Amino acid sequence: MTNFQRARSEEQREVRRRAILDTTAAMLEEMPIGEVSLNELSRRVGLAKSNVLRYFESREAILLELLDRAWRQWVADLPALVRAGIDEEAPVHRRAEQFAAVIAGSLAQRRVLCDLLSAQAGVLEHNVSPQVAARYKRAAVANVADIAALAQQHLPELGDSAPQLTAAMIMAIGAVWTHARPSAAMLAAYEADPSLAAFKLDFVTALREMLATLIAGTIVRASA
């Protein structure tokens, strides 16, 4: 992956660190998080496993950094999408529906981000040091704050509740993504018994409806 055998300078260490991140990101495009192993990553990046661990303390530390990177890319793209998707002259209930639709639609092609968000609390925040956990959490708080500011800009009726709403939205994304990706056994059960098919979720539709409900409820509570 690099044209030097040992990283001696800070620049070379950063090149190697970036290669590890980029290689892991490519693996996530091919396989679910649970199949991403340090052994395979080491093989692909051309380093011994012990050398990979000199740059990142664990597999989860690498994935947390990739989650922050994917999250920031999403946040950077959202303002233009929201501006295009919301009618600022519409009544609040309509703007709430439009905001929910934009958020849900913007995630349709971001499988890696959704995978990482769904694994955030249960997997990625484990097997890391307090320092790595704190660094990631500070970045996550900043990402939530950026989305909250965007929500408040287009839905001022949220008042001071925008940060709490945004945190709930992030949890909803991970939960809906998990339930919208059933196992092979469950898919077979749906096919064998059509009465169960109602439980098969379309990710964007289910997320849009859940976010619209969260937004509407938050606005009602904010106005009380």
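Just so it is clear, the model here is predicted, and its values are computed rather than measured. Index from 1, following the sequence.
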Do [X] and [Y] sit in the same hydrophobic cluster, where Ile, Leu, Val, Met, Phe, Trp and Tyr count as joined when their side-chain heavy atoms come under 4.5 Å apart?
X: L158; Y: V92; answer: yes
X: I170; Y: V82; answer: yes
X: L67; Y: M31; answer: yes
X: M171; Y: M169; answer: no
X: V75; Y: L155; answer: yes

Of L124, V36, L38, which is the lone residue that meets side-chain contact (heavy atoms from CB on, under 4.5 Å) with I62? L38
Side-chain donor/acceptor of [X] to backbone N/O of [Y], under 3.5 Å:
X: T23; Y: I20; answer: no
X: D68; Y: L64; answer: no
X: H126; Y: A121; answer: yes
X: S58; Y: N127; answer: yes
X: R95; Y: A90; answer: yes
X: E157; Y: S223; answer: no

Are [X] and [Y] packed together at the side-chain level, in the sense that at least one heavy-atom pair is separated by less than 4.5 angstrom?
X: I215; Y: I219; result: yes
X: Q120; Y: E125; result: yes
X: D146; Y: T166; result: no
X: E14; Y: E11; result: no
X: F203; Y: L107; result: yes
X: V123; Y: R59; result: yes
X: R16; Y: L47; result: yes
X: L63; Y: L28; result: yes

For the residue pair [X] and [Y], what are the closest heavy atoms and their distance?
X: S161; Y: T218; value: CB-CG2, 3.6 Å
X: P194; Y: A192; value: CD-O, 3.6 Å
X: A212; Y: A100; value: N-CB, 3.5 Å
X: E29; Y: V112; value: OE2-CG2, 3.6 Å
X: L66; Y: A25; value: CD1-N, 3.7 Å
X: G174; Y: S118; value: O-CB, 3.5 Å

Assess whether a salt bridge exists between E97 and R94, defined as any Lys/Arg side-chain N lying under 4.0 Å from an Asp/Glu carboxylate O. no
Do the charged groups of R69 and E65 touch, with an N to O distance under 4.0 Å? no
Gap between atom [atom2] of [Y] and atom [atom1] of [X] - 0.5 Å precision:
X: L78; Y: R83; atom1: CG; atom2: CZ; answer: 10.5 Å
X: L21; Y: Y55; atom1: CG; atom2: OH; answer: 12.0 Å
X: E209; Y: L211; atom1: CD; atom2: CG; answer: 10.5 Å
X: F56; Y: L41; atom1: CZ; atom2: CG; answer: 9.0 Å
X: Q98; Y: H93; atom1: CD; atom2: NE2; answer: 9.5 Å
X: M27; Y: R44; atom1: CE; atom2: CZ; answer: 5.0 Å

Might you confirm whether atom [atom1] of [X] has over 12 heavy atoms from other residues, nucleotides or ligands at distances under 6.0 Å?
X: E57; atom1: CD; result: yes
X: Q109; atom1: CD; result: no
X: D193; atom1: CG; result: yes
X: E89; atom1: CD; result: no

Suppose we screen for side chain to side chain donor-acceptor pair (under 3.5 Å). Which residues come up paired with E35, at least two apart in sequence or across chains? none
Applying side-chain contact (heavy atoms from CB on, under 4.5 Å), run through W74 and I103 and close with a yes or a no. CA-CA 10 Å; W74 177 49; I103 296 296; 4.0 Å; yes
Could you label the plane-to-plane angle of the Y136 and W71 rings as parallel, tilted or perpendicular, counting under 30° as parallel and over 60° as perpendicular? tilted
Whichever hydrophobic residues join Y190 through chains of side-chain contacts under 4.5 Å: M186, L187, L196, F199
Working for side-chain contact (heavy atoms from CB on, under 4.5 Å), residues D115 and R181: CA-CA 10 Å; D115 267 350; R181 297 173 65 79; 4.1 Å; yes
